[in-house]
Each structure stands twice: as structure tokens, then as C-alpha cells.
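Reviewing the structure listed below.
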Amino acid sequence: MTCRVAAVDCGTNSLRLLVADVDLDRAELTDLTRRMEIVRLGEGVDQTGRLAPAALARTIGVLREYADVIAGFAAQSVRMVATSATRDAGNAAEFVRRVSDVLGIAPEVLTGAGEAMLSFTGATAELAADHGGPFLVADIGGGSTEFVLGPGGYGGAGSPSPGGYGGAGSPPVIRGGLGGIVPPDYRAISVNIGCVRRTERHLRGDPPTAREVAAATADIDAALDAVAAAVPVGEAKTLVGLAGSVTTVAAIAMGLPAYDAARIHHARVCSADVHAVTLALLSQTRTVRAGIGVMHPGRVDVIGGGALVLDRVMDRFGFSEVLVSEHDILDGIAWSLARDSCP
């Protein structure tokens, strides 16, 4: 049976919508529309601990557009999740109230573990474990990066569910720690090394200075120590990279004249190419980066930080290549919503 669902992902940097038809019996997800807008909800959260009024206004404005799209497609169920920036904000309750007014449902404020498992679901639902598993999925977001190690195929009718969604007017659903979220065969951790945080904290020059890059690198490497302690990364056969920093680095490495999601999805990019692109991005001015054909305007100022995270992950854990996925937490939301909410 096919179920029509609408998934909304609100991250530190971007707001995204997926409306899809999901057939659990056939393990198929068919896009009806997929949108992404850079709203920078997490702008300044690392310094102030609060969501800025302008950032809230940008986000709610786009959500009103999404509400109209969802209604137009007559989605049977809707789920919205909010990730790193909202977890860290002192005025998250205001965000929840305003989202509920627009969408009619409360957003779920996920823990890092819940976010990680949804990312893994979206990235690997179409990857069988005998096609390169176990997988280490790295989702490089604006505020945090999630790592999950698992056998793949975490989707479909028989899979454990990362959870449901809050009803209209209900408080945000705060998912717990690893217990009850990550199945026994999986390991997950979330660390605060997203591209926006690295940029706001360290990479302020245009271009960043060597000292700024060194400081950002040291922060990333310290976080990767925590990853190594929590996740047996050496068991992974394939590194799967998610989100806009990864796909943009891949597009540059592939020499694409314009962003092409179909060509980027499941491309493999070697570590030498990732390193070369990272060095180039960190040495370029904002104006030069803005002129790159594949670059989204909202990523121009933070792409260097995101590329550096990917580069350090591959170097630290010895991956010779990354499998790039256009399917991520947004797809994971759609899969879990279909499992939890459709007959």
C-alpha cells in the first residue's frame, strides 16, 4: 500500500521539505516534490544561546509556503523535526509555538542520537548490507555532525522505527539517549562540529587565516576523538557522506558546471580529491567561492568549514573514498512517518 507523507527537516542552516509516496511493502519512496531553502535558523546561537528574531521570521515565512505545498498534495501525514540549533536554544518554546500555528503539528526536537538514526535510515534504506556494508554514515550539518555505524537497509516495513510525531498543539517530543533509539547492531554519536559552528567560531577571515584553519582543525580532531571512543569506526567498509557540504564538495570534485543531484547521488569521491577541494575552498575569498557554478548562495560562507569536517573524517579514519548520498534525514523522516502513521 502506498502512503503519501510530508517530511520537514529544520536544521541549523537549511529548511527542507519532501512530499513523497512511500510503499513499505516494496521498500520504495517516490518523490513528488523536494525543496530546500537556506534560512540560517541557527545564526548566532553558538554565541547567544537563543534563536534570533530575524532567523525565526525567515524560517516561519518559508514554513508558510511549505504548508501550502503540503495541502496542495493532500499528504496523509506530516512530520517535522528540528535538530542542532533548536536543541541548543533557550527560546525553543517560542519556535515550537510558531511552528505549531503554521503547520498544525508540533516539531520534534531530536536528540543527536535520534537525528543520527533518521539520517542513517534515509541514506541506507536503498543500500543492501552486501553492497558495501557495514556503513558509517556521516551527516555534516550546520551545527552538528552525526555518525552512525550499521549494516544498512534500515528502512521498510520490518525495520525498527525511530519514532512518531507530535499532534497539533502538543509539546515537542524530546527523544531520549541511545537507549530505545539505536538498535543493538548500530552505534551512533552526535558531535558539535557543523559547518556553521566552525565558521562562526573560527573561520572568520576572508579567506580564513592559517591560524583560524588550525584552530578549526583542532576542534574537529578533538570531536573525532569522541567519535572514535563511541563508535568502532574500523568495522565500516563504506563511508557514506550526507548533506549540502558533502554534496557540494563532490560536485566541485566532479567538475560539474552546475549542481546536478542525479549525477551527485551515489558518486564516489576519493580522499585526495576531497582534500584538494578543501584546501582550495579555504584559500578562496567569498567572492571567488560565490562564483563556483555548483555553489548555493546560502553555502558560500560556510562551505569551507563543512569541507574541512569531511576532509578530517576521511583522514582520521582512513577512508580512501566517500559514497555521496542525496538521501538523508529528510528521507528518513518520510520512511519513519510511513511506518508509524499509515495503515
Side-chain angles (χ1 to χ4, degrees), residues 112 116 119-120 123-124 132-150 187-199 201-203 205 207-255 264 266-284 289 292 294 299 302-325 328:
S119 294
F120 193 92
T124 66
F135 301 99
L136 177 68
V137 170
D139 186 351
I140 302 174
S144 62
T145 296
E146 283 65 52
F147 294 87
V148 185
L149 175 72
R187 296 292 183 272
I189 187 173
S190 176
V191 288
N192 286 332
I193 52 171
C195 61
V196 175
R197 282 187 198 268
R198 293 312 95 208
T199 301
R201 188 171 293 183
H202 296 298
L203 304 175
T209 66
R211 180 174 293 183
E212 289 173 340
V213 173
T217 301
D219 269 8
I220 294 167
D221 288 349
L224 295 182
D225 289 341
V227 175
V231 178
V233 175
E235 296 178 8
K237 292 183 179 179
T238 301
L239 172 67
V240 184
L242 314 184
S245 291
V246 176
T247 59
T248 301
V249 167
I252 296 170
M254 295 165 67
I264 294 167
H266 286 174
R268 293 179 181 268
V269 182
C270 71
S271 58
D273 286 348
V274 169
H275 186 63
V277 170
T278 300
L279 291 179
L281 290 169
L282 289 171
S283 68
Q284 293 166 346
R289 294 193 303 272
I292 299 173
V294 300
R299 298 200 189 282
V302 298
I303 185 61
L308 186 59
V309 173
L310 177 61
D311 185 45
R312 297 308 302 156
V313 168
M314 297 183 74
D315 180 76
R316 168 65 185 272
F317 298 132
F319 288 103
S320 61
E321 65 177 16
V322 58
L323 176 65
V324 180
S325 178
D328 51 24

For a quick test of reading the model, state the closest non-hydrogen atom pair linking [X] to [Y] and the distance between them.
X	Y	answer
I140	A243	O-CB, 3.2 Å
G205	E212	N-OE1, 3.0 Å
M254	A267	SD-CB, 3.8 Å
F319	T238	CE2-C, 4.2 Å
A251	I264	CB-CD1, 3.7 Å
F120	F135	CE1-O, 3.7 Å

Could you tell me which residues satisfy side-chain hydrogen bond (donor to acceptor under 3.5 Å, both in side chains) with T247, sequence neighbours excluded, listed by chain and number?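 Partners of T247 under the side-chain hydrogen bond (donor to acceptor under 3.5 Å, both in side chains) test: Y259.
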For S119, all residues meeting side-chain hydrogen bond (donor to acceptor under 3.5 Å, both in side chains), sequence neighbours excluded: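 Testing S119 for side-chain hydrogen bond (donor to acceptor under 3.5 Å, both in side chains), a comparison that skips the adjacent residues, returns D139.
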Which residues pass the salt bridge (charged side-chain N to carboxylate O under 4.0 Å, His left out) test with E321, not counting sequence neighbours?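 Checked E321 against salt bridge (charged side-chain N to carboxylate O under 4.0 Å, His left out); matches are R268.
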Which residues share a salt bridge (charged side-chain N to carboxylate O under 4.0 Å, His left out) with R289, sequence neighbours left out: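 Salt bridge (charged side-chain N to carboxylate O under 4.0 Å, His left out) list for R289, sorted by chain: empty.
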Close side-chain approach of [X] and [Y], heavy atoms under 4.5 Å:
X	Y	result
S283	P207	no
V249	V269	no
L282	L203	yes
D219	R201	yes
P134	K237	yes
F147	L239	no
L149	V233	no

Mind jotting down which residue pairs meet the side-chain hydrogen bond (donor to acceptor under 3.5 Å, both in side chains) criterion with at least one end in residues 270-280? Sequence neighbours excluded, please.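 Residue pairs passing side-chain hydrogen bond (donor to acceptor under 3.5 Å, both in side chains), neighbours aside: H275-D311.
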[atom2] on [Y] to [atom1] on [X], rounded to 0.5 Å:
X	Y	atom1	atom2	value
L310	T145	CG	OG1	9.5 Å
L224	F317	CG	CZ	5.0 Å
L308	I303	CG	CD1	11.0 Å
L323	L242	CG	CG	9.5 Å
T248	R299	OG1	CZ	5.5 Å

What's the verdict on side chain to side chain contact (heavy atoms under 4.5 Å, CB included) for M314 and V322, showing C-alpha distance, side-chain angles and the deciding distance? CA-CA 8 Å; M314 297 183 74; V322 58; 4.0 Å; yes
Checking L136 against V240 for the side chain to side chain contact (heavy atoms under 4.5 Å, CB included) test, could you report, in this order, the C-alpha distance in whole Å, the side-chain angles of both residues, the deciding distance, and whether it holds? CA-CA 6 Å; L136 177 68; V240 184; over 6 Å; no
So salt bridge (Lys or Arg N to Asp or Glu O under 4.0 Å) across residues 221-235, not counting sequence neighbours, yields D221-R312, D225-R316
Whether E146 side chain and A188 backbone form a donor-acceptor pair below 3.5 Å: no
Going by the rule side-chain contact (heavy atoms from CB on, under 4.5 Å), which residues pair with A223 if we only count those two or more places apart in sequence or in a different chain? V191, I193
